[in-house]
Amino acid sequence: ADGGTIFLDEIGDMSLDVQSRVLRVLQEGEIEPVGGRGTEQVDVRVIAATNQNLEAMTEAGKFRKDLYYRLKSVVLRVPPLRERMADLPLLMDRFIERAANRNNRRLLKLHPVAVNRLLSYDWPGNVRELEGLAAWLSVFAEGPEIHEEDIALWFDLEGKASSEQGASTEYVRAKTEFEREYFKRMLIAYQGSKTEVAKAAGLDRTGLYRKLKALGLVD
């Protein structure tokens, strides 16, 4: 990163030993490359991030005060997702687009009711949790729109709570059981031919396989 920028993520998780080494680099502008001979001068801009209260950690002796004040020259607070819910639809659209490109899937659209379901949840895992949901939907949502039932199924599978979840959980469970029994009967009727089952159910083979896997009917 010499001459550029280095990003230190989750600095609150560094051990005190590592903290002392990082402090030396920041103070002296020197590093000792692994396997190298001697030290090398470096000139980098350092950006660090943490989700912990470093000031409280310094008082508890878990984070070096000298490193804390060295890093604290400019502080930017990024609010948790629950404090900026107006950003959620835009973030979700971006994550869905990224997941679709990565998984070679069609681009899905969020139904307005599905957006309301997302807004009813407090997202303890913040943006990373939202991105995880987008990746899951890109594989399991039947599309082309993402509906409330898709979101509710994810809540149910992940054991997550939401202010509106109670009544819909029973519906999702009943729907899942119905689909499992339906596809069981279809597989029996067509003697295990997934091509014929897919044709009868109006799915392509890939969509059928994803459905059967989600229902626990294939490994």
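- In Arg84, the CZ atom is crowded: over 12 heavy atoms of neighbouring residues, nucleotides or ligands sit closer than 6.0 Å.
- Here the closest heavy-atom approach between residue Ala56 and residue Asn53 is recorded as N-OD1, 3.0 Å.
- In terms of modelled atom types and a separation under 3.5 Å, the side chain of Gln19 and the main chain of Met14 share a donor-acceptor contact.
- Listed here is the closest heavy atom pair of Gly38 and Pro33: O-CD, 3.8 Å.
- Side-chain atoms of Asp43 never come within 3.5 Å of backbone atoms of Gly3 as a donor-acceptor pair (strictly under, hydrogens ignored).
- A salt bridge links Asp17 with Arg21: the distance from a Lys NZ or Arg NE/NH1/NH2 to an Asp or Glu carboxylate oxygen falls below 4.0 Å.
- Around atom CD of Gln191, no more than 12 heavy atoms belonging to other residues, nucleotides or ligands sit under 6.0 Å away.
- Applying the side chain to side chain donor-acceptor pair (under 3.5 Å) criterion to Arg82, with sequence neighbours excluded, gives no partner residue.
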Item checked: Derivation of the side-chain contact (heavy atoms from CB on, under 4.5 Å) call for Arg185 and Arg180 -> CA-CA 9 Å; Arg185 292 175 180 270; Arg180 184 178 290 112; over 6 Å; no
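- Of the charged side-chain nitrogens involved, none lies within less than 4.0 Å of a carboxylate oxygen, so that Glu131 and Arg94 do not count as a salt-bridged pair.
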Next item on the list: Using the side-chain contact (heavy atoms from CB on, under 4.5 Å) rule, take Glu129 and Tyr121 through it: C-alpha gap first, then chi angles, then the decisive distance, then the call.
Entry: CA-CA 11 Å; Glu129 186 178 10; Tyr121 183 57; 2.8 Å; yes
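- Note: His147 and His111 have tilted aromatic rings, judged against thresholds of 30 and 60 degrees for the angle between ring planes.
- In summary, the side chains of Gln27 and Asp66 do not present any donor paired with an acceptor at a separation below 3.5 Å, with no hydrogens or angles considered.
- The pair Glu145-Lys109 does not meet the salt-bridge criterion, since no charged nitrogen lies less than 4.0 angstrom from a carboxylate oxygen.
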Next item on the list: List the steps, then state whether side-chain contact (heavy atoms from CB on, under 4.5 Å) holds for Ile31 with Thr39.
Entry: CA-CA 5 Å; Ile31 62 169; Thr39 61; over 6 Å; no
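- Of the residues listed (Ile47, Thr50, Val22), the one engaging Leu8 in a side chain to side chain contact (heavy atoms under 4.5 Å, CB included) is Val22, and it is the only one.
- In this structure a side-chain-to-backbone donor-acceptor pair under 3.5 Å is missing from Ser193 to Tyr190.
- Under a 3.5 Å cut-off, the side chain of Asn101 and the backbone N or O of Glu97 do form a donor-acceptor pair.
- The existence of a salt bridge linking Arg128 and Asp9 is confirmed by a sub-4.0 Å separation between a basic side-chain nitrogen and an acidic carboxylate oxygen.
- Counting non-hydrogen atoms of neighbouring residues, nucleotides and ligands closer than 6.0 angstrom, the CD atom of Glu55 reaches no more than 12 such neighbours.
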Next item on the list: Start with the C-alpha gap between Val218 and Lys194, add the side-chain angles, then the distance that decides, and say whether side-chain contact (heavy atoms from CB on, under 4.5 Å) holds.
Entry: CA-CA 11 Å; Val218 296; Lys194 294 181 178 60; 4.0 Å; yes
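- Looking only at distances, a side-chain donor or acceptor of Trp123 sits under 3.5 Å from a matching main-chain atom of Leu118.
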